[in-house]
Amino acid sequence: MTGDNPTTSIYSIGVAEKKTKLTARRVRYYEKAGLVDPERTQGNQRLYSQEDIEKLKEIKSLLEQGLNLAGIKRKLKDK
DNA sequence: ATTCTAACA
DNA sequence: TGTTAGAA
């Protein structure tokens, strides 16, 4: 409670790694694959919202289930 | 210190 | 997937 944060629930990739248990490399790669869609800061830094974190977790879950980028993309796109 | 992109292995 | 280089 340091007052009020202008940050609703935005994390940098470092926090996302910890929250998703993935490596920054993977998180960036999945984003490039179109699995997630984070915001961008002025310096082009990725800003992952809580929603993105949960999406990354689902992607990780799907990957562990034997799916691949195409399969996850298919699920995410609900096609 | 942390993250970004691009490229290579 | 991991890592490295140089940059912001």
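A, B, ... follow the sequence lines: proteins, then strands. Residue 1 opens every chain.
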| query | Starting at the 5' end of DNA chain C and moving along, which residue's nearest nucleotide shows up first, A:Gln45 or A:Leu63? | reply | A:Leu63
| task | Would you mind reading off the distance between A:Tyr29 atom OH and B:dC4 atom P, rounded to a whole angstrom? | result | 17 Å
| Within the distance-only criterion (no hydrogens, no angle test), does the side chain of A:Ser61 pair as donor or acceptor with the backbone N or O of A:Lys57 below 3.5 angstrom? | no
| message | Taking only side-chain N and O atoms of A:Tyr30, does any of them lie within less than 4.0 angstrom of OP1 or OP2 on C:dT1? | response | yes
| remark: Ranking A:Ser12 and A:Lys32 by the position along DNA chain B of their nearest nucleotide, the one closer to 5' is A:Ser12
| Looking at the side chain of A:Arg46, which of C:dT1, B:dT5, B:dT3 is the nearest nucleotide? | B:dT5
| field | Pair A:Lys55 + A:Glu51: basic N to acidic O under 4.0 Å | value | no
| Whole angstrom value for the distance that separates P of B:dT2 from CD of A:Glu17 | 11 Å
| message | Distance check needed: C:dT1 P versus A:Arg26 CZ, whole Å only. | response | 5 Å
| task | Could you tell me whether A:Thr23 contacts a base, only the sugar-phosphate backbone, or nothing, with contacts defined as non-hydrogen atoms closer than 4.0 Å? | result | sugar-phosphate
Hey, what are the protein-to-nucleotides 7-9 of chain B N/O distances that come in under 3.5 Å?
unit_1 : atom_1 : unit_2  : atom_2 : d
B:dA7  : N6     : A:Arg25 : NH2    : 2.6

| message | What is the distance, to the nearest angstrom, from the CD1 atom on A:Ile13 to the P atom on C:dG2? | response | 12 Å
| message | What contact category does A:Gly14 fall into here, base, sugar-phosphate, or nothing, at under 4.0 angstrom with non-hydrogen atoms? | response | sugar-phosphate
| Salt bridge between A:Arg46 and A:Glu39, side-chain N to carboxylate O under 4.0 Å? | no
| query | So, is A:Arg28 close to the B:dC4 phosphate, meaning a side-chain N or O under 4.0 Å from OP1 or OP2? | reply | yes
| query | Sub-3.5 Å donor-acceptor pair from the side chain of A:Asp52 to the main-chain atoms of A:Ser49, do we have one? | reply | yes
